Every structure is written in structure tokens, then in C-alpha cells.
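Below is one structure, written out as C-alpha cells, with a few remarks after it.
Quick caveat, the model's predicted, so the values are computed rather than measured.
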Amino acid sequence: MIHNPTEISVQELALKLAHPNPELQLIDVREPHEVAIAALPGFDVLSLSDFADWSTTIAERYHPEKETLVLCHHGMRSDRMCHWLAGVGFSHVKNIVGGIDAYARIVDTQLPRY
């Protein structure tokens with residue numbers, strides 16, 4: 001399997017979460033009702049439906065050169081977010097492949113699935 005440098009597996013994410021790094025930026029683009037069902041610690045919620053509210057201040061809230069991991073339900077919305085972040089100058093962005101659903105299936109089976 002060829003590793004895409006703009007992606008991270010849920011297993012790799014679990015290792016990072018087990019050893020927190022204050023430099024790591026974690027963004028969850030799901031909607032509040034989704035986050036209420038299942039969430040991972042340390043993630044800031046920037047719902048895509050609220051894009052207009054936070055998009056103009058993204059470079060003030062997050063450092064464009066720090067590692068930034070993006071999460072959604074299955075990995076599609078987070079992939080779009082990663083492309084957008086790269087387009088506005090973020091240089092170290094990674095999509096969490098399979099999203100929180102894969103995390104719940106593979107890493108933490110106690111986490112609710114929806």
C-alpha cells in the first residue's frame with residue numbers, strides 16, 4: 001500500500017492521541033449533533049455548515065505550519081477541508097482516513113457508531 005503523505009490512518013491517530021503533543025492541531029468538521037453522538041478528545045469542532053463564521057479567522061486560530069489533522073464521519077468532508085486548508089497556506093495537513101466511523105470500528109469499539 002502506498003502511503004499518501006496527506007493522510008493518516010486511525011491507528012496512527014490513536015498513537016498520536018495516546019501521546020498528546022501541544023503542537024498538534026486537531027479539527028473535527030462534523031456537525032454538533034454528530035459530535036454529540038461520538039467525539040474524540042482534543043478536537044476543535046469547526047462544522048462545515050458554519051464555514052462562513054470561522055473561515056476568515058482560520059489562520060489566526062491555527063498555525064499554518066503546524067501539523068493539522070482533520071476528522072469527519074467517513075473522511076469525505078475532512079478531505080475537502082484539507083484541500084481548502086492547503087489552498088489557504090496550511091503546509092502540514094492530513095485527512096484522517098475513514099473518519100470517526102473507522103476509529104470506532106478499528107481502534108475504540110466502545111465509541112458509538114452512527
Would you say [X] and [Y] make side-chain contact, with heavy atoms under 4.5 Å?
X	Y	answer
Leu17	Tyr103	yes
Asn21	Lys16	no
Thr6	His83	no
Leu26	Tyr62	no
Leu46	Met81	yes
Arg30	Val45	no
His92	Thr68	no

Linking I/L/V/M/F/W/Y whenever their side-chain heavy atoms sit closer than 4.5 Å, directly or via other members, would [X] and [Y] fall into one cluster?
X	Y	result
Val97	Ile8	no
Ile100	Ile37	yes
Met76	Leu48	no
Leu15	Ile106	no

On a heavy-atom basis, which atom in [X] and which in [Y] lie closest, and how many Å separate them?
X	Y	result
Phe43	Leu13	CZ-CD1, 4.1 Å
Cys72	Gly75	SG-N, 3.0 Å
Gly89	Pro64	O-CB, 3.6 Å
Ala104	Pro112	CB-O, 4.3 Å

Can you confirm whether more than 12 heavy atoms, excluding those of His74, are under 6.0 Å from its NE2 atom? yes
Where do Arg113 and Asp101 land on the side chain to side chain contact (heavy atoms under 4.5 Å, CB included) test, with the steps shown first? CA-CA 6 Å; Arg113 291 182 66 204; Asp101 187 65; 2.9 Å; yes
State the [atom1]-[atom2] distance between [X] and [Y], to the nearest 0.5 angstrom.
X	Y	atom1	atom2	value
Arg77	Cys82	CZ	SG	13.0 Å
Leu85	Gln25	CG	CD	9.0 Å
Lys66	Glu23	NZ	CD	4.0 Å

Between Leu40 and the options Val35, Leu71, Val10, the side chain to side chain contact (heavy atoms under 4.5 Å, CB included) test singles out Leu71
Any chance you could lay out the side chain to side chain donor-acceptor pair (under 3.5 Å) test for Glu12 and Ser9, step after step, and finish with the verdict? CA-CA 5 Å; Glu12 291 170 299; Ser9 71; 3.2 Å; yes
For Trp84 and Trp54, take the angle between the two ring planes, folded into 0 to 90°, and tell me which bin it lands in: parallel under 30, tilted 30 to 60, perpendicular over 60. perpendicular
Ignoring hydrogens and geometry, is there a side-chain-to-backbone donor-acceptor pair from [X] to [Y] under 3.5 Å?
X	Y	answer
Asp28	Ala39	no
Glu60	Thr57	no
Thr109	Arg105	no
Glu65	Ser91	no

Please confirm whether the ring centroid of His73 lies under 6.0 Å from the ring centroid of Tyr114. yes
Less than 4.0 angstrom from a charged side-chain N to a carboxylate O is my criterion; do Glu7 and Lys94 meet it? no
